[in-house]
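Numbers restart at 1 for each chain; the letters A, B, ... are given by sequence-line order, proteins then strands. These numbers come from a predicted model, not from an experiment.
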Number of protein chains: 4
Amino acid sequence: MTTPQPDSDLARLSRDIQSLNARPLWERTQRMGPGTPAVPTIWRYRDMRPQLLRAIDLITAKEAERRVFMLENPGLPGTGYITTSLYCGLQVIKPGEIAPAHRHSTNALRFIIDGEGAYTTVEGERVAMRPGDFVLTPGWTWHDHGHLGDAPVIWLDALDNPFGQFFGAIFRENYPDDAQAPSLAEGDAAARYGANLMPVEYRTGRPSSPLLVYPYNRTREALLRLARPGPLHPSHGIKMRYANPLDGGYVYPTIAVFIQYLPQGFSGQTYRSTDGTAFNVVEGSGTAHIGDRTFDFEPHDVFVVPAWTPYHLSAAKDCVLFSLSDRAAQEKLGFWREEDPSNSAARS
Amino acid sequence: MTTPQPDSDLARLSRDIQSLNARPLWERTQRMGPGTPAVPTIWRYRDMRPQLLRAIDLITAKEAERRVFMLENPGLPGTGYITTSLYCGLQVIKPGEIAPAHRHSTNALRFIIDGEGAYTTVEGERVAMRPGDFVLTPGWTWHDHGHLGDAPVIWLDALDNPFGQFFGAIFRENYPDDAQAPSLAEGDAAARYGANLMPVEYRTGRPSSPLLVYPYNRTREALLRLARPGPLHPSHGIKMRYANPLDGGYVYPTIAVFIQYLPQGFSGQTYRSTDGTAFNVVEGSGTAHIGDRTFDFEPHDVFVVPAWTPYHLSAAKDCVLFSLSDRAAQEKLGFWREEDPSNSAARS
Amino acid sequence: MTTPQPDSDLARLSRDIQSLNARPLWERTQRMGPGTPAVPTIWRYRDMRPQLLRAIDLITAKEAERRVFMLENPGLPGTGYITTSLYCGLQVIKPGEIAPAHRHSTNALRFIIDGEGAYTTVEGERVAMRPGDFVLTPGWTWHDHGHLGDAPVIWLDALDNPFGQFFGAIFRENYPDDAQAPSLAEGDAAARYGANLMPVEYRTGRPSSPLLVYPYNRTREALLRLARPGPLHPSHGIKMRYANPLDGGYVYPTIAVFIQYLPQGFSGQTYRSTDGTAFNVVEGSGTAHIGDRTFDFEPHDVFVVPAWTPYHLSAAKDCVLFSLSDRAAQEKLGFWREEDPSNSAARS
Amino acid sequence: MTTPQPDSDLARLSRDIQSLNARPLWERTQRMGPGTPAVPTIWRYRDMRPQLLRAIDLITAKEAERRVFMLENPGLPGTGYITTSLYCGLQVIKPGEIAPAHRHSTNALRFIIDGEGAYTTVEGERVAMRPGDFVLTPGWTWHDHGHLGDAPVIWLDALDNPFGQFFGAIFRENYPDDAQAPSLAEGDAAARYGANLMPVEYRTGRPSSPLLVYPYNRTREALLRLARPGPLHPSHGIKMRYANPLDGGYVYPTIAVFIQYLPQGFSGQTYRSTDGTAFNVVEGSGTAHIGDRTFDFEPHDVFVVPAWTPYHLSAAKDCVLFSLSDRAAQEKLGFWREEDPSNSAARS
């Protein structure tokens, strides 16, 4: 970086080319190293839940369109984003409400935190949402939410809106009606794609998983079954990714989604990678050391590890953690790296 | 085809080049159209079962290495093959027996017909075999069978040995011991790959499904769930293929494996394709019209539809049919075709 | 979008959750449609060239590290970027200079505008740079530039730095020396990968084209050969993309690079797509109508069509246009769309 | 293998199940190891050429349909095949002749040995055939040959007919006329796909290379350019495969095609692999030690190395060898293996 002397020829050149919409590379001050302005942050459920319940009475789903609190990283003020590439929010829906049907080019997912009776209809198939269920509404699929239960339901939303904004490729459409009429039997996608079977005709089209839901009981059972014999990864415990049965890849081309188990007493080795990651605590409690911050966490808390920030986790009780990052996009575009001391070479 | 006059110059030329290991193309008599010498055939379980039980007392598993009847298509005498590209056999194992551990470059699969208590150990993981279960022993994996139950167990074997022979690429090795010591917990592969989750680290290596078993209860449940709303394919009813969770493809690079449901009263439209297919009746009864043959079938019967032979199926009772063909290889190599009247253009 | 009444309960809620790093979704003002703040812009070579030559005498390559003018879109002030996802610059090197060797995780490419005698060394292989040549320095490859000719050489740089910044995954390293010693013969990559041949051993590793240069004479010859019979695309004339011989895809996972021919008199139909595109005029002259702007262009001018901005081109003389966009990344991540009136349905 | 005592119960069982189209696995005598019945063979051009010229006068192209000598491996009598999975022939066409247009599901290729002026028309594009050119007529493409030159032209044909026969998937059709009218400019495919460019629209469809010809001058130039610096593979010298620009793979899904250079004095290390390979000597002379046979070879000779047969080559003069094998199919189906002493582990 070179800052020219004021009144020097170099400075005059700099001014002259500015009017030509050009700037000297040697005056660039931008950081040119790994990491982003995002900072480690935690949203404690004990703080968020009362506010969400308050919001129920203050604005209707129709007025809000979606009654959601955006979880905004204090290092990214004004963006509404949790990392530079991911958006997360907490949504609350009350009994009888409908979140009107729409579709958008960006991919969305829901992880149910609390409450029974809510459902999402995706392209005509209704899927029930239970705590711990991971529900997909892939890009450009019609979706609406409803609630047939008795008490408010709260879930974590995540979208790749920052990608849409980065590209300038966000498209939205409202459905003609508030809700779609069911046209497929419940459980159709699960039977058609989720039982290690596939229709004889290859299904092309969407670049996302064709499954609408990854039910918690099945996920939890597999995770714990692998936990028994181990081995545990020194930083991650037992960590699995939700998979697309069509190609074995991530569920979305952009967002990688994970489920993780840490046994009581687990004390993880420091680790970092280029994919900024948002965590939601499903079960258990422990401590997250992220950069220079330390957060004790409890069930339903959300915390974020920004890109290339070293962190390690420890578990006071058996923990199950749900997480998501832009690792899918980074791997596809050749940017992903990690520093894993249990792996002799830094891997990318 | 031109047959030269004896004593003509053309005939003399023909003789002269024979000593040079050459032959005139214009004298070739080989059939140059679709289809193979294989013929429609049925192996009725009521005929096969008593013979299999007889064999138990006449030869030990150790002497036989595998106590198996090869199902040989009468159109392919001397080959031991059921179609030009597939091998099928019926294997019987008695309580306490061990089929010694070995591995081979060819891919094998088992479909359990009758009996409980048998198991296969694949690369250190034991998998129980129950009727209707579809078990994999991919190429070059160590495998042995054992039987902890009370009564003989009978299953259908299928291998792509003809491919190995075609290429000259059959390799075999015997394991140092008769049986492998279990080194992985039962159900490991199912938890690791079969629950729509995947280890965070991509698993490369074998070009086959990492699952060891597709249990019948799960398969049957998905099949029947899709049967209710339909739609039914006019020739196939509800037909699914077993899928490789790593890539959404067939379970083996060579062998495509299917499971199919025909509701009572189903009367299928005629159909044909280039992949010769072996069927095993899991449940139900009906009639298979294959070429100019007609076979009434019952549970556990095996019948074969040779390549490019028109056939149609009808169901006297609700039927579940297991089948396998070389469609996976044909699609990979660009040879597969079908004539499906429900599909406006012949598809390939 | 709902703005609460000041002093309302809703406004109080809004303030309360702000301290929790949350914001109501219903107060979000962000644009949620296609497009970006970037605007149509042109950088005329007759304006830029004199300034570049001026810069030669005002700063050395060593001081500048790279003597480059960043082409900054006036709609993206302070970023140094030409679109939200691409960086372009004009670089000038003088005889005898060396642009020191380094490597970075981001992908870079050069399109030579003017001058002979410059070269780039990439991982030990030297490649000469001639006008119209398209030269690659894929992510994490060591590269340095030198100049053995007589007169200044000017080229267009393009990098996917915005992606690196978006992810927080920019890594840089300086080579121990200013220049790499050549370790591979010139033309090695071209012979090894560019002649429709491939080493018998599959080359894995980099997700980019293994070719270092796409020479202009070969590109131009193929383009014009296809131009003669046509057909011409009503918006694009004859448009080809530079291809990666390893997989037939784009040269980089992020950046799509194109070469295009418009015959004299060509008057293109309006077209738009989500990938913001930077153009460099190689030959010819004409007019670019971009959004509500109109630019007459001449050889070596650079102009930009921002994402989702309708445009049409017309050619006063036979034109060859070089262009690049983030279409590769958008297609991989499922975001790409176009509106092409010559194609009945809007395609994505 | 167990042969029962005649009149034993086991023998009686064996007879009984024969009528049920079953045979005991324990009586199988088939070889169950690598390799095939094919043997090392050479077809010397000095022997074949006079016979080919003789054939010109004895049968017309119309009578013969294709005036070809099938090169039949003496280990595979009656098949007309050179290995279990490949067919090779020598074809001669005389000035003014037309080999009538047809298409078939099997893939064919031509390697021109001698003579100028012949051409092939593939789906409306005419391609000139010169010595050393490698010409493709992929499965199901219309093709006819003609000859506008002065003297007979001789080329090597190769087809994957054995695959078609193995699957029962050989389809043939005659074109309405003897020859197709040219509908594409000569050189269209080369410009469209062969210059490291690609049409902007992905070209799907055929699973084969879209190039019609790999001209010898370009191939030879690249090969020799790599030969100078080396390194040489201890068994293969410099060996490249012809590549499909659409995906970087082999030219056909079944047949792998190679070009190879051995410098004068080269004495290769012994090597073997599962893919039986046919060689055509383009330039030079030397010796091929194949199994227990030794063949001195000269330009235009054809020799075959059967599957899993150890061989080594030595060059008396600088040699260029064209070769083809079923390696493409074997790799796709997971069967390919090699024993390469220069590679520490046997690779597959």
Indicate every side-chain donor-acceptor pair of residues 230-237 of chain C with a distance under 3.5 Å to a residue at least two apart or in another chain.
unit_1	atom_1	unit_2	atom_2	d
C:His233	ND1	C:Ser235	N	3.0
C:His233	ND1	C:His236	N	3.2
C:His233	NE2	C:Asp340	OD2	2.8
C:Ser235	OG	C:Gln269	O	2.9

Worksheet item: Taking C:Ala256, C:Ala222, C:Ala243, C:Pro229 one by one, which has the highest count of heavy-atom pairs under 4.5 Å against chain D?
Response: C:Ala243
Discussion item. Is the shortest side-chain heavy-atom distance between D:Gln260 and C:Val200 below 4.5 Å?
Written reply: no
Discussion item. Need one label for C:Thr219: side chain, backbone, both or neither, based on atoms under 4.5 Å from any heavy atom in chain D.
Written reply: both
Discussion item. For C:Glu186, which atoms come within 4.5 Å of any heavy atom of chain D: side chain, backbone, both, or neither?
Written reply: backbone
Worksheet item: Which atoms form the tightest heavy-atom contact between C:Met240 and D:Leu197, and what is the distance?
Response: CE-CB, 3.8 Å
Item to complete: Over all heavy atoms of both residues, which pair between D:Asn196 and C:Gly194 is shortest? Give the atoms and the distance, please.
Response: OD1-O, 3.2 Å
Item to complete: Would you name the heavy atoms of D:Arg225 and C:Ala191 that are closest together and state the gap between them?
Response: CD-CB, 3.6 Å
Discussion item. So for atom CZ, which belongs to C:Arg218, do other residues, nucleotides or ligands contribute more than 12 heavy atoms lying within a distance under 6.0 Å?
Written reply: yes
Worksheet item: Taking only residues two or more places apart in sequence, or in another chain, which ones meet D:Asp188 in a salt bridge (charged side-chain N to carboxylate O under 4.0 Å, His left out)?
Response: D:Arg192
Worksheet entry | Proximity breakdown for D:Tyr214 and chain C, heavy-atom pairs closer than 4.5 Å | side chain
Practice prompt. Under 4.5 Å heavy-atom distance to chain C, tell me which part of D:Leu211 shows up: side chain, backbone, both or neither.
Written response: side chain
